[in-house]
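What you see below is based on every heavy atom in this structure, not just the backbone, and it leaves out hydrogens, waters and symmetry mates. Computed from a predicted structure; not experimentally measured.
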Amino acid sequence: VSRDLLRAMTAELEASADHRRGENVKPFRLAALSAFPAGKSGARLAAKIEPQAGCPMCAARPQIEQPLIAGLLQNLDDPAFVAAFEVSEGLCRNHVASALRAADSAAAQQLATLQAQRWRAVEAVLDEFIRKHDYRFNEDMSDDERTIWLRALRLSSGWLGEVRSQ
């Protein structure tokens, strides 16, 4: 499926480039490109390659996450849950915001405290990553330090990509 999508999107990009160079382009492509207002070639091309419908997984995500967030909030008083949370990097900013919106004031305060501790721990590793990239230091990085910038990006953006050791 990915290969076919890439082929179709590439064909659209190539057809647009061929059209601009005045090369022979299939008539249906010319008709499709001319259906958009003049002067908006980037918008026309974007419309040809962007998704044509919403993603059902993205649409279902809030309904899937809602019970998980409720479970998180209910377990903030469980010492075993809190201990597990404290050894993790915590939640990304999107999920923190979602959980805070769903929390009562006590749970919101507790989550904010726990999450701030986790983000401060990530910040400390980032500080060490930055320090070790300073030209004045010649120190090896741990695996944790080597990938911290990717993990911090994931936490700060809500990016769902997998973080791999490099």
Side-chain angles (χ1 to χ4, degrees), residues 1-14 16 42-166:
V1 171
S2 294
R3 186 194 65 197
D4 290 343
L5 286 171
L6 284 171
R7 281 183 180 170
M9 291 185 304
T10 301
E12 294 298 342
L13 292 175
E14 291 169 345
S16 175
R44 289 190 301 241
L45 187 53
K48 297 297 288 176
I49 65 171
E50 69 188 354
Q52 300 301 307
C55 172
M57 293 282 293
C58 291
R61 188 174 168 186
Q63 290 80 25
I64 293 168
E65 291 174 347
Q66 190 174 28
L68 297 172
I69 289 170
L72 171 111
L73 295 172
Q74 288 174 355
N75 285 298
L76 287 174
D77 292 328
D78 179 357
F81 178 83
V82 171
F85 193 89
E86 287 175 337
V87 296
S88 75
E89 289 178 346
L91 305 175
C92 74
R93 71 189 285 186
N94 294 341
H95 289 114
V96 170
S98 295
L100 289 172
R101 271 190 227 99
D104 62 27
S105 59
Q109 182 60 45
Q110 190 173 4
L111 177 60
T113 300
L114 286 170
Q115 186 62 55
Q117 292 169 353
R118 304 316 325 133
W119 283 347
R120 288 289 181 207
V122 170
E123 185 181 334
V125 180
L126 272 172
D127 287 342
E128 190 63 9
F129 174 85
I130 292 166
R131 187 188 71 79
K132 287 184 177 180
H133 272 86
D134 188 313
Y135 73 94
R136 297 171 290 179
F137 301 99
N138 186 18
E139 298 176 41
D140 290 333
M141 285 193 205
S142 68
D143 288 339
D144 190 44
E145 292 166 343
R146 199 172 289 111
T147 60
I148 190 63
W149 68 274
L150 286 169
R151 296 191 325 272
L153 177 62
R154 180 182 55 80
L155 289 169
S156 63
S157 69
W159 171 45
L160 297 175
E162 181 181 338
V163 175
R164 295 185 185 139
S165 181
Q166 301 205 359

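Dense packing is recorded around CG of Asp104, with more than 12 heavy atoms of other residues, nucleotides or ligands lying under 6.0 Å away. The local environment of CD in Gln66 is sparse, with at most 12 non-hydrogen atoms from other residues, nucleotides or ligands closer than 6.0 Å.
To the nearest 0.5 Å, the span separating CD on Glu123 from CG on Leu126 amounts to 7.5 Å. Distance check, rounded to the nearest 0.5 Å: CZ of Arg93 to CG of Leu100 gives 12.5 Å. If you take CD on Glu65 and CG on Asn94, they are separated by 8.5 Å, rounding to the nearest 0.5 Å.
Residues satisfying the side chain to side chain donor-acceptor pair (under 3.5 Å) test with Gln115, not counting sequence neighbours, are none. Qualifying side chain to side chain donor-acceptor pair (under 3.5 Å) partners for Thr113, counting only residues two or more places apart in sequence or in other chains: Gln109.
Counting all heavy atoms, side chain and backbone alike, Leu91 lies closest to Trp119 at O-NE1, 3.3 Å. Considering every non-hydrogen atom in both Ala103 and Ala108, the closest pair reads CB-N, 3.6 Å.
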(request) Using the side chain to side chain contact (heavy atoms under 4.5 Å, CB included) rule, take Arg131 and Glu128 through it: C-alpha gap first, then chi angles, then the decisive distance, then the call. (result) CA-CA 5 Å; Arg131 187 188 71 79; Glu128 190 63 9; 2.6 Å; yes

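Side chain of Arg118 to main chain of Ser88: a donor-acceptor pair is present (N/O by atom type, distance under 3.5 Å, no hydrogens or angles).
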Using residues 68-85 as the side-chain source, report each donor-acceptor pair under 3.5 Å to any protein atom, sequence neighbours left out, with the distance given to one decimal.
residue, atom, partner, partner atom, Å
Asn75, ND2, Gly71, O, 2.7
Asp78, OD1, Ala80, N, 3.1

